[in-house]
Amino acid sequence: MKSLFVALAFVGILASLASALFFMMRRGDGEDGQDGNDPRRARGMFWSLALRVGLSVLLFLCILLAWKMGWVQPTGLPIKP
């Protein structure tokens, strides 16, 4: 269940990043004569990136909470002399 949650969170983060890339690469419709300054494009990219940051923070907080509750244990790297 934990792995599924983390995997879904990563898929959501990557999807919102791809959505921001889509909005960034999309050309403006050119109605106002300025292809680079489409406010709908900028708003879509802003919300996509804001969602990505929010999902990343939420994932981090959930992992931190799971560690504090004892649901996950850090394994670390084995030290070999």
Student: Are Leu17 and Val57 connected in the hydrophobic side-chain network, where two residues link if heavy atoms are under 4.5 Å apart?
Tutor: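 No, separate clusters.
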
Student: Taking Leu8 as the starting point, is it possible to reach Ile63 by hopping between hydrophobic residues whose side chains are less than 4.5 Å apart?
Tutor: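 Per the 4.5 Å side-chain linkage, Ile63 and Leu8 are not co-clustered.
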
Student: What's the shortest heavy-atom distance between Phe5 and Leu59, and which atoms?
Tutor: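 Result for this residue pair: CE2-CD1, 4.2 Å.
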
Student: In Å and rounded to the nearest 0.5 Å, what is the CG to OG distance from Leu14 to Ser19?
Tutor: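 Going from CG on Leu14 over to OG on Ser19, the span is 12.5 Å.
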
Student: Kindly give the heavy-atom pair with the smallest separation between Met45 and Met24, and that separation in Å.
Tutor: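 For Met45 and Met24, the tightest heavy-atom pair comes out as SD-CB, 3.4 Å.
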
Student: Just verifying a value: how many Å separate Leu21 CG and Leu49 CG, rounded to the nearest 0.5 Å?
Tutor: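 Going from the CG atom of Leu21 to the CG atom of Leu49 covers 10.0 Å.
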
Student: Measure the spacing between OG of Ser48 and CZ of Phe46 and express it to the nearest 0.5 Å.
Tutor: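 Between atom OG of Ser48 and atom CZ of Phe46 there are 10.5 Å.
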
Student: To the closest 0.5 Å, what do you measure between CZ (Phe22) and OG (Ser16)?
Tutor: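 It comes to 14.5 Å.
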
Student: Atom CH2 of Trp47 and atom CZ of Arg52: how far apart are they, to the nearest 0.5 Å?
Tutor: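 The CH2 atom of Trp47 sits 15.0 Å away from the CZ atom of Arg52.
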
Student: Grouping I, L, V, M, F, W and Y whenever their side-chain heavy atoms are under 4.5 Å apart, do Leu64 and Trp71 come out in a common cluster?
Tutor: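 Different clusters.
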
Student: Give me the atom names and distance for the closest heavy-atom approach of Leu55 to Ile13.
Tutor: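 What the structure gives for the nearest pair is CB-CG1, 3.7 Å.
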
